[in-house]
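Right, one structure below, let's go through it.
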Number of protein chains: 2
Amino acid sequence: MKRKHQSIDAPQRVRMIDVARAAGVSTATVSRVLSNAGTVKPDLAERVMEAVRRTHYVPDSTGRALRRQRSDVWAVIVSDIQNPYFSRLVASIEQIATANGLSIVLCNTGEDLDRERRFIANAISQRMCGVILTAASEADENVELLTRARIATVVVDRRVGSYEGDSVLLNNVLVGRLAANHLIERGHQRVLCLFGPSAASTTFDRYLGFQAAWTEAHRDRHGLQLVETNIHAGGARQATASALARAHPPTAIYAANAVLSMGVYRAVQESGRRMPEDVSLIGTDDADWTTMVSPQVTLISQPVEEMGTRAASILLERMEDPDGEPHHVVVSPSLIERETTGATIAP
Amino acid sequence: MKRKHQSIDAPQRVRMIDVARAAGVSTATVSRVLSNAGTVKPDLAERVMEAVRRTHYVPDSTGRALRRQRSDVWAVIVSDIQNPYFSRLVASIEQIATANGLSIVLCNTGEDLDRERRFIANAISQRMCGVILTAASEADENVELLTRARIATVVVDRRVGSYEGDSVLLNNVLVGRLAANHLIERGHQRVLCLFGPSAASTTFDRYLGFQAAWTEAHRDRHGLQLVETNIHAGGARQATASALARAHPPTAIYAANAVLSMGVYRAVQESGRRMPEDVSLIGTDDADWTTMVSPQVTLISQPVEEMGTRAASILLERMEDPDGEPHHVVVSPSLIERETTGATIAP
DNA sequence: TTGTAAGCGTTATCAG
DNA sequence: CTGATAACGCTTACAA
């Protein structure tokens, strides 16, 4: 019996030593062949490859990871995998990871800082070679852990406090500006703006951008009603309903995230108002429903796949060169004009 | 210098031996404390825990995985993470995995058998402790690999050839029956049925169920127009448009999967027909758009979260007891009646 | 160019 | 109940 502590019936796995024996070489040679060291004579290398095939050898990543002090795995930490934005992000990252022989472990924080911390501890414990993080808050203590552990990291979607490493962010100020300008151009004077919880940097920047554009256009700031609601569509629905019921209802509504957009659309439909004749709507983020409904939703769209792809590419680079200059990519949103906003309204 | 092959500036990680020294015990004792072996005297254990805290020790999973011959990771293999059905499935599995101290690596096959095989090889290579698989085809060669490697496996959503292990499936015959009976009860005689590629067991069973119910109700089989389209919504759109343009158009349409449902809905809207007055529609799978549109879509719904939860629980069990009786869970779909099907039509 | 052998950090056997 | 120690499978410095 060659190996101890092995139960009798468990089929023994083929190890590198078995391949080595089958090929009549040492494990060092097998290892060199498999990792393309290129320092092995062609005929020997071929003999090894032949033995690999004959024995159905599958390298054991756990041994490899221990020896190399890192495993070929990325952690992708997002706040809600069910949000289409994040599933598209994850899908685009996964594609690049897989193409480079890496696996990704999916971590769903649900915006919970404590879960985030545990996922990061886990990434460190498993000696993962990279992390892509959409942080649950601006607090930087969690991402600090990664920096200290010297794990290649790219922050995506949300800014993190004093973090200075690689990041791929959306120009969220521009998101707000695009929305504001579109409505301003069409003559709107009374606008309801709905934002999500302001903990996220995305929310705050959109708010900033909208307000800046409004002010620059010399619009009366009293015409702007800014509401911060919770992340559920219900809040937006209610806020919209009560705003529409007032004496001087808004002529346009801006919903600063995907969930809010659904709530607002529903509320407007329920109120019996027509879009865009009675009230205009600008939403945020592509989603199936925005083109299935009638009228289709005018919205601000993010280049999600691009963000995922850029983040993954940067992470690959960073793994090669841990101490290079950090990349700070900022991508731009775009306005997709459809049917919930229309012609210029009377002043 | 205690450790070789270590670059000068890389901060040394705290190992178990460091904790052991800090607590004045052996690594064996530290290990026992951390794995709750319970065979350590309380005061000693407390001393160890104190040392763990003081040194900020984080166990190294790679060493652990090598020694234990398995890592605390599940692979979840799905065909399309962007499909809400799968993101919900993954989310529910992830929840249970995380609660049990396990990570999940996400594998996106895009229905590609070769990618599936590579993901499975990777699961074996990484000595993952479990796999949840929504197979890309009925062919069983890939899942065979898992069985041979003695990795706990649960097959979800689609049947796999001769596989006899644990599975969590939807009663897809019932899916077809529910749809058919709903339409039959309302007096429909001419129905257009759209199915996806028949490679998937889900498609075929739905087809079987629909047809069985139709026959049992003694409906003329010529009233049934069965069309198999590709997975893209475009195909469904076209098939619907041409069917509606005929002399005797169908009075109802059944779309057997989520993508098809979108295509059909669009095509009906474009044709100017009203639902349900001119034509009824039964779709498949919950999705945001189905309740955002007007009229809202009557559809067959799957208990996705239940499927994920059951699969994960079974996998946990199987890890404990590799040779127990396989579980074969079959969950039932339900009809959600909304607005695209209506009152009985004249015969 | 190839082989030898020393670890990587952990767990589990065995002896005390 | 605790400690010493031998693996786990792989990579790589060093020797030949």
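Just so it is clear, the structure is predicted and the values come from calculations on it, not from any experiment. Throughout, a chain's letter reflects where its sequence line sits, starting with A, and its residues are numbered from 1. Just the heavy atoms: all of them, side chains too, but no hydrogens, waters or symmetry mates, feed the values below.
Every salt bridge (Lys or Arg N to Asp or Glu O under 4.0 Å) that A:E50 has, sequence neighbours left out, goes to A:R54. For the side-chain hydrogen bond (donor to acceptor under 3.5 Å, both in side chains) test, residues two or more places apart in sequence or in another chain that qualify with A:E305 are A:R88.
B:T134 places a side-chain N or O within donor-acceptor distance of the main-chain N or O of B:I77, the cut-off being under 3.5 Å. For the pair B:D140 (side chain) and B:G161 (backbone), a donor-acceptor distance under 3.5 Å is absent.
Sorted by residue number, the members of residues 26-34 of chain B with any non-hydrogen atom under 4.0 Å from DNA chain D read B:S26, B:T27, B:A28, B:T29, B:R32. Using a 4.0 Å cut-off on heavy atoms, none of the residues of residues 49-60 of chain B approach DNA chain D.
Proximity of A:R64 to the phosphate of D:dT11: a side-chain N or O atom is located under 4.0 Å from OP1 or OP2. Dashed line: the shortest gap from a side-chain N or O of B:R127 to OP1 or OP2 of D:dG9 is under 4.0 Å. For C:dT10, the OP1/OP2 oxygens have no side-chain nitrogen or oxygen of B:Q69 closer than 4.0 Å.
Side-chain contact annotation: B:S61 with A:S125, donor-acceptor N/O pair under 3.5 Å present. Residues A:T55 and A:D18 have side chains that never bring a donor and an acceptor to within less than 3.5 angstrom of each other. A donor atom on one side chain and an acceptor atom on the other are found under 3.5 Å apart for B:Q126 and A:S103. A side-chain donor from one of B:Y85 and B:D157 sits under 3.5 Å from a side-chain acceptor of the other.
Atom-to-atom, CZ of A:R13 to P of D:dG9 comes out at 8 Å; the value is rounded to the nearest Å. Atom CZ in A:R21 sits about 20 Å away from atom P in C:dT2, given to the nearest Å. A straight line from CZ of B:R70 to P of C:dG9 spans 22 Å, rounded to a whole angstrom. Look at CZ on B:R15: it is 16 Å from C1' on C:dT11, rounded to the nearest Å. Distance CG (A:N36) to P (C:dT1): 15 Å, rounded to an integer number of Å. Atom CZ in A:R68 sits roughly 18 Å away from atom C1' in C:dA6 (whole-Å rounding). We find that CZ of A:R47 is positioned 13 Å from C1' of C:dT1, with the value rounded to whole Å. Atom-to-atom, CD1 of B:I124 to P of D:dG9 comes out at 16 Å; the value is rounded to the nearest Å.
In this structure, the helix from C:dT1-D:dA16 to C:dG16-D:dC1 shows an angle of 40° between the axis at its start and the axis at its end, each fitted on 5 base pairs and rounded to 10°.
A donor-acceptor contact under 3.5 Å links the side chain of B:R67 to the base of D:dA7.
Looking at the side chain of B:V25, the nearest of the listed nucleotides D:dG3, C:dG9, D:dT11 is D:dG3. Candidate nucleotides C:dT2, C:dG9, C:dG7 were compared by shortest atom distance to the side chain of B:L66, and C:dG9 ranks first. Of the candidate nucleotides D:dG9, C:dT10, D:dC1, D:dC1 has the atom lying nearest to any side-chain atom of B:T39.
Crowding of A:Q95 atom CD: a count of heavy atoms from other residues, nucleotides or ligands under 6.0 Å not exceeding 12.
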**Prompt:** Given the rule in the side chain to side chain contact (heavy atoms under 4.5 Å, CB included) test, do A:L133 and A:R158 qualify, once you have shown the distances and angles that lead to the verdict?
**Reply:** CA-CA 9 Å; A:L133 172 69; A:R158 297 120 178 245; over 6 Å; no
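Within the structure, the side-chain hydrogen bond (donor to acceptor under 3.5 Å, both in side chains) test picks out the following pairs touching residues 309-318 of chain A (sequence neighbours left out): A:D166-A:R318, A:E306-A:R310, A:E317-A:H327.
Side-chain contact between B:R13 and A:I124 is present, with heavy atoms from C-beta onward closer than 4.5 Å.
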